[in-house]
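Labels below follow one simple rule: chain letters A, B, ... track the order of the sequence lines, proteins then strands, and each chain is numbered from 1. Values reported hereafter were calculated over all heavy atoms of this structure, with side chains retained and with hydrogens, waters and symmetry mates removed.
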There are 2 protein chains.
Amino acid sequence: MLPKKKVVIVKDSSEHNSKRLEHHEAIKAEMRKCFSTIDSFSEKDIAEALELISLKTLKKGEHLLREGDFSARSYSIISGCVRQYYLVDGEEKTTFFYTEGQSIFAPNGASERIPSKYYLSCVEHTTVSIISLEKQNEMFKKFPILESMSRNTLREELNNYQEMLATYITTNPEERYLNLLKFRAELLNRVPQYQLASYLGVTPESLSRIRKRIFLK
Amino acid sequence: MLPKKKVVIVKDSSEHNSKRLEHHEAIKAEMRKCFSTIDSFSEKDIAEALELISLKTLKKGEHLLREGDFSARSYSIISGCVRQYYLVDGEEKTTFFYTEGQSIFAPNGASERIPSKYYLSCVEHTTVSIISLEKQNEMFKKFPILESMSRNTLREELNNYQEMLATYITTNPEERYLNLLKFRAELLNRVPQYQLASYLGVTPESLSRIRKRIFLK
DNA sequence: AAAAGTTATTGACTTTAGATAAGAAAGAAC
DNA sequence: GTTCTTTCTTATCTAAAGTCAATAACTTTT
């Protein structure tokens with residue numbers, strides 16, 4: 001079998017880089033707008049806060065995080081789609097899809113001492129914002145209001161996960177697929193079906209049959 | 001076989017009340033110890049913080065929260081066991097068991113405006129600490145360090161839930177039962193099997209068969 | 001356009017779970 | 001103790017999911 005070639009030949013790397021920078025500047029402008037909605041924030045505050053956040057753009061298939069990595073960062077998806085998966089007995093078990101606006105809060109118990117148990121891989125061309133825990137703490141010290149906001153976001157996110165777990169427990173694969181259709185229909189067009197199957201907790205063959213069953217009804 | 005007597009006969013309710021108060025005082029003393037491990041906390045701070053927290057003791061089968069309730073509180077289990085369940089088509093679907101030391105963070109998206117979708121019911125005689133969101137905010141204003149601590153706890157809890165969801169997705173009912181045996185074995189003796197079955201996402205009949213299958217191996 | 005690789009579907013067969021009903025075991029109430 | 005209720009197990013049958021293998025549909029590469 002031939003080796004898998006994933007090499008993307010960048011003909012002019014400087015051109016490519018400058019385009020990416022333009023893209024990143026546009027995003028920073030968006031983030032500036034976002035920060036400026038906070039009443040107590042001066043122009044200088046905004047600039048300082050933005051300094052602490054970095055941006056990264058990845059291609060389809062590239063990894064943001066791998067099993068065993070030591071990472072103490074939080075990510076937020078600006079555009080694109082990131083898949084979280086575990087490698088169990090050589091099999092990829094997908095456990096979540098993050099899309100625009102969603103955040104990945106401090107994986108690994110937020111500690112640089114605990115290795116990651118899972119992978120974060122880009123389903124498509126993706127841009128994320130990144131902030132290290134260190135810089136986040138710095139930011140919270142400077143702008144305590146952000147700590148409150150962060151706590152609220154965390155609590156909401158915790159609630160989301162509690163509901164997701166509850167939904168997962170109380171539904172069967174067919175219902176889960178219908179829920180996906182209802183609440184995250186865009187995923188069906190963005191993500192290969194075998195990854196969705198894994199996310200729904202069934203084999204690709206089963207998902208194929210579930211789809212057929214639904215279609216026949 | 002002789003019946004197991006768990007009956008606690010309360011002859012005199014005033015006596016009962018005074019006993020409960022003693023019990024609660026003992027718990028407050030424990031909590032005082034806990035707060036006193038925070039360096040920056042003076043005796044007065046501890047007393048003030050404790051003022052904001054209330055205790056409640058419930059009997060087996062009593063509810064802490066019902067579907068439709070408007071609640072803006074966080075709970076922490078001091079002793080006992082609380083079951084979270086949803087009522088779906090008249091059927092109780094158990095989605096979590098909280099035991100000693102575990103906290104129930106701000107159900108209902110932490111808003112007094114959103115009705116609860118689930119029930120919290122005591123599996124056994126249970127004591128919980130309760131703090132309203134209002135008083136929690138008051139406390140955080142007075143003692144900012146508690147806000148940081150709370151944020152960290154929330155992040156850890158979020159991580160726990162992410163892992164629980166991932167585990168649920170990547171395992172089948174038999175594996176989930178084995179996991180329960182491994183990590184929360186005490187639950188098997190505290191919780192009726194049909195509630196565990198629901199928590200594992202199967203019918204009581206299936207759990208019975210799973211147990212038999214495992215036993216025969 | 002052809003070849004190679006990846007992803008999705010289908011079929012045959014096995015295993016496991018759901019539904020229903022009946023009976024056994026354990027616990028609570030009398 | 002006996003009775004009543006709840007909980008657990010077993011049996012039968014049906015429905016759905018897993019496994020393995022083959023093929024079809026779709027993408028990417030050349």
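- Atom pair E174(A):CD and dA17(C):C1' shows a separation of 15 Å (rounding to whole Å applied).
- R184(A) and T99(A) share a side-chain donor-acceptor pair at under 3.5 Å.
- Side chain to side chain, N179(A) and R176(A) fail the donor-acceptor criterion of an N or O pair below 3.5 Å.
- Note: CD (E175(A)) to C1' (dA16(D)) measures 13 Å, nearest angstrom.
- Taking atom CG on D89(B) and atom C1' on dG18(C), their separation rounds to 15 Å, with Å as the unit.
- Under a 4.0 Å N-O distance rule, the pair E138(B)/K135(B) does not qualify as a salt bridge.
- The pair E25(A)-K28(A) fails the salt-bridge criterion, with no side-chain N (NZ, NE, NH1 or NH2) lying under 4.0 Å from an Asp/Glu carboxylate O.
- Taking atom OH of Y177(B) as the reference point, atom C1' of dC8(D) lies 12 Å away to the nearest angstrom.
- Against DNA chain D, the stretch residues 189-213 of chain A makes heavy-atom approaches under 4.0 Å through G201(A), V202(A), T203(A), E205(A), S206(A), R209(A), I210(A), R213(A).
- At least one donor-acceptor pair under 3.5 Å links the side chain of T167(B) to the backbone N or O of E163(B).
- Both tests do not hold together for R151(B) against F105(A): distance to the six-membered ring centre under 6.0 Å, angle to the ring axis within 45°.
- Rounded to a whole Å, the CG atom of N172(A) is 10 Å from the C1' atom of dG18(C).
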